[in-house]
Chemist: 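Could you have a look at this structure, given as structure tokens, before my questions?
Below, all heavy atoms of this structure are taken into account, side chains as well, without hydrogens, waters or symmetry copies. All ligand and atom numbering here is 1-based and tracks the order in the structure.
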Amino acid sequence: MIERLKEIRAAAEEKIMNASDLDSLREVKVKTLGRKGEITVLLRGLKDLAADERAETGKVGNEIKQALEQLIEEKIAEIKQREMETKLAREKIDISLPGTLIQSGSLHPLSRVANEIKDIFIGMGFSIAEGPEIEYDYYNFEALNIPKDHPARDMQDSFYISDDILLRTHTSPMQVRVMEKTAPQTPVKIIVPGKVYRRDDDATHSPMFHQVEGLVIDESITFGHLKGTLLAFAERIFEQELQVRYRPSFFPFTEPSAEMDISCVNCKGKGCRVCSYSGWLEILGAGMVNPKVLENGGYDPEKVTGFAFGLGIERIAMLKYGINDLRLFYDNDKRFLAQF
Ligand code: FA5
């Protein structure tokens, strides 16, 4: 039996030495040392040998098993090492290449301008109120002194959900909504930023855009307060000293009403393409709150007065950043947005 064991060992050793991959090594291992392997099967015959012969043969058998196992392990390590070297020679990793940068986003220019506008008014003691974008005809028009057949409705054609409910065309409906909560005594000093909707669509008019409404109500509020507040606001948002002028205008909910123009932020009033060579830019509508609207909100127009204004955030942002097409704000083009 010892002879046979030695033969198996010699044959196995040769196969191990010649093995060029892990699979053939595994095969030798199973064939010689596995549960049905040649050595395992042969050693089962030990029990039929005489006692002294059994001990000697068993010892030799174990030594051969251990030697083969060790040889196989060494060969496995050798093959693995060789595979690794080939792989490394083939794959060239340049560890000096910079990693992929994670691009960080930034605030949309309209959010940026809206935040700046809010900060300026908060600095002047205003609070922020927000209202529904889907609005009753009553608050959007009727309560603002614009009855059903009033021609002023033509300027603000909207998207109707039913005869009485529409997408608000301006932030002014919040005037009466706020007054209903604060009347008849409490002074009001609020701004209302938000989305509004109109049937408009061109380079300077979008079907959805953003406005900021302002409303101040108290005893003895005058047009002087309106002028001072809006000049301070305009100079801060455009970060320069400005000339201001008020042109008479008409809004059914203010009396008197005015459009506020500022000296062109681009040419400082000399005349350029931005201001159509007039030197002036229209930036908002404003006026003293119409007594009828104060009454609709629950205030006594004999006791309090107020001023209100409404501006378009897109318009301010276009002037501030020199953008000539409002649609750029909504195209989602990263080349545009990444500039802010
Ligand atoms: C109003 O909407 C009044 N509610 C403003 C007001 C409030 C007056 C309180 C008096 C007292 P007007 O329709 O002019 O007014 O719109 C105000 C601003 O919104 C405009 O100056 C303009 O900058 C902006 N705007 C109007 N339509 C669009 C549009 N389709 N797309 C973008 N901006 C617009």
Side-chain angles (χ1 to χ4, degrees), residues 109-110 113-114 117 121 126 129 131 133 135 139-141 143-146 150-159 166-179 188-217 221 223 225-227 229-230 233-234 237 246-262 280-294 296-297 305-320 323-330:
L110 291 177
V113 173
I117 295 174
F121 281 107
F126 283 72
E133 289 168 31
E135 186 54 282
Y139 289 109
N140 199 83
F141 292 127
L144 293 171
N145 206 23
I146 316 176
H150 198 288
R153 288 199 178 206
D154 296 348
M155 314 280 289
Q156 301 191 4
D157 196 6
S158 180
F159 303 91
L166 72 159
L167 296 185
R168 67 180 177 187
T169 56
H170 50 175
T171 40
S172 303
M174 276 303 280
Q175 289 189 20
V176 174
R177 278 187 178 273
V178 168
M179 286 186 219
V188 175
K189 199 172 175 186
I190 52 144
I191 56 161
V192 184
K195 288 191 174 69
V196 301
Y197 304 82
R198 288 187 199 177
R199 252 189 74 185
D200 285 345
D201 199 7
D202 61 35
T204 52
H205 294 84
S206 152
M208 186 281 295
F209 61 103
H210 299 78
Q211 284 192 337
V212 176
E213 189 82 5
L215 177 68
V216 175
I217 301 174
I221 293 292
F223 205 88
H225 294 117
L226 179 156
K227 285 170 71 180
T229 307
L230 293 179
F233 159 72
I237 194 78
Y246 289 87
R247 284 177 294 109
S249 182
F250 176 75
F251 298 103
F253 37 95
T254 46
E255 183 57 38
S257 303
E259 299 283 348
M260 174 173 145
D261 294 346
I262 54 169
W280 294 99
L281 296 167
E282 179 188 318
I283 63 156
L284 55 82
M288 300 304 291
V289 181
N290 191 311
K292 188 88 185 58
V293 177
L294 286 173
N296 290 344
T305 48
F307 72 82
F309 59 89
L311 57 87
I313 298 183
E314 280 79 354
R315 176 138 182 82
I316 304 277
M318 286 169 82
L319 292 172
K320 205 169 150 63
I323 296 161
N324 56 11
D325 192 331
L326 173 154
R327 289 168 288 206
L328 285 166
F329 288 127
Y330 303 112

Chemist: Among all protein heavy atoms, pick out the one at the shortest distance from atom 17 (C) of ligand 1; state its residue, atom name and that distance to 0.1 Å.
Modeler: Gln211 NE2, 3.4 Å
Chemist: Give the residue and atom name of whichever protein heavy atom lies nearest to atom 20 (C) of ligand 1, and the separation in Å to one decimal.
Modeler: Gly312 N, 4.6 Å
Chemist: Please check if the side chain of Arg153 supplies one atom and the backbone of Ile146 the other of a donor-acceptor pair under 3.5 Å.
Modeler: yes
Chemist: Has the side chain of Lys320 got a donor or acceptor atom that lies under 3.5 Å from a matching backbone atom of Ile237?
Modeler: yes
Chemist: What is the closest protein heavy atom to atom 15 (O) of ligand 1, and at what distance does it sit?
Modeler: Phe251 CE2, 3.6 Å
Chemist: Which of the numbered atoms in ligand 1 are under 4.0 angstrom from any heavy atom belonging to Glu213?
Modeler: 7 (C), 9 (C)
Chemist: So, do Phe223 and Phe307 have ring centers that fall under 6.0 Å from each other?
Modeler: no
Chemist: Between the side chain of Glu213 and the main-chain N/O of Ser172, is any donor-acceptor distance below 3.5 Å?
Modeler: yes
Chemist: Show which atoms of ligand 1 fall inside a sub-4.0 Å distance from at least one heavy-atom site of Ala308.
Modeler: 9 (C), 11 (C)
Chemist: Find all atoms of ligand 1 within a distance of less than 4.0 Å from any non-hydrogen atom belonging to Leu326, and give their numbers and elements.
Modeler: 32 (C)
Chemist: Indicate whether the side chain of Tyr246 and that of Glu259 have a donor and an acceptor atom separated by less than 3.5 Å.
Modeler: no
Chemist: Taking 4.0 Å as the limit for heavy-atom contacts, which would you say applies to Val196 with ligand 1: side chain only, backbone only, both, or neither?
Modeler: neither
Chemist: Is atom 28 (C) of ligand 1 touching the protein, meaning some protein heavy atom lies under 4.0 Å away?
Modeler: yes
Chemist: Does Ser249 use its side chain to pair, donor to acceptor, with the backbone of Ser257 at less than 3.5 Å?
Modeler: no
Chemist: Within a distance under 4.0 Å of any heavy atom of His205, pick out the atoms of ligand 1 and give their elements.
Modeler: 27 (N), 28 (C), 29 (C), 30 (N), 31 (N)
Chemist: Donor-acceptor check, side chain of His170 to backbone of Gln211, threshold 3.5 angstrom: yes or no?
Modeler: no
Chemist: Does Leu215 come within less than 4.0 angstrom of ligand 1, counting non-hydrogen atoms of the residue?
Modeler: no
Chemist: Check Gln175 against ligand 1 and report side chain, backbone, both or neither, counting heavy atoms closer than 4.0 Å.
Modeler: side chain
Chemist: Quick test: of every protein heavy atom, which one is nearest to atom 5 (C) of ligand 1, and how far off is it to 0.1 Å?
Modeler: Gly310 CA, 3.8 Å
Chemist: Heavy atoms only, cut-off 4.0 Å: how does Glu314 contact ligand 1, side chain, backbone, both, or neither?
Modeler: neither
Chemist: Measure from the side-chain N and O atoms of Arg177 to the backbone N and O of Gly297, and report whether any donor-acceptor pair falls under 3.5 Å.
Modeler: no
Chemist: So does Arg327 have more than 12 non-hydrogen atoms from other groups sitting under 6.0 Å from CZ?
Modeler: yes
Chemist: Is the number of heavy atoms from other residues, nucleotides or ligands under 6.0 Å of Lys227 NZ greater than 12?
Modeler: no
Chemist: For ligand 1, which atoms sit closer than 4.0 Å to a heavy atom of Gly285?
Modeler: 6 (C), 8 (C), 10 (C)
Chemist: List the closest protein heavy-atom neighbour of atom 32 (C) of ligand 1: residue, atom name, distance to the nearest 0.1 Å.
Modeler: Phe209 CG, 3.3 Å
Chemist: Salt bridge or not between Glu255 and Lys292? Use side-chain N to carboxylate O under 4.0 Å.
Modeler: no
Chemist: How far is atom 30 (N) of ligand 1 from the closest protein heavy atom, and which atom is that?
Modeler: Asp200 OD2, 2.9 Å
Chemist: Using 4.0 Å as the upper bound for N to carboxylate O, is an ion pair formed by Asp261 and Arg247?
Modeler: yes
Chemist: Considering only the protein, which heavy-atom contact is closest to atom 3 (C) of ligand 1, and what is its distance?
Modeler: Phe253 CZ, 3.9 Å
Chemist: For the backbone of Ser158 and the side chain of Thr169, can you confirm whether one donor and one acceptor N or O come within less than 3.5 Å of each other?
Modeler: no
Chemist: Looking only at protein heavy atoms, which one is nearest to atom 12 (P) of ligand 1, and how far off is it?
Modeler: Arg198 NH2, 3.9 Å
Chemist: Below 4.0 Å, non-hydrogen atoms only: which portion of Ala286 touches ligand 1? Side chain, backbone, both or neither.
Modeler: backbone
Chemist: Give the atoms of ligand 1, by number and element, whose distance to some non-hydrogen atom of Phe309 is under 4.0 Å.
Modeler: 7 (C), 9 (C), 11 (C)
Chemist: Please confirm whether Gln156 comes under 4.0 Å of ligand 1, counting heavy atoms of the residue only.
Modeler: yes
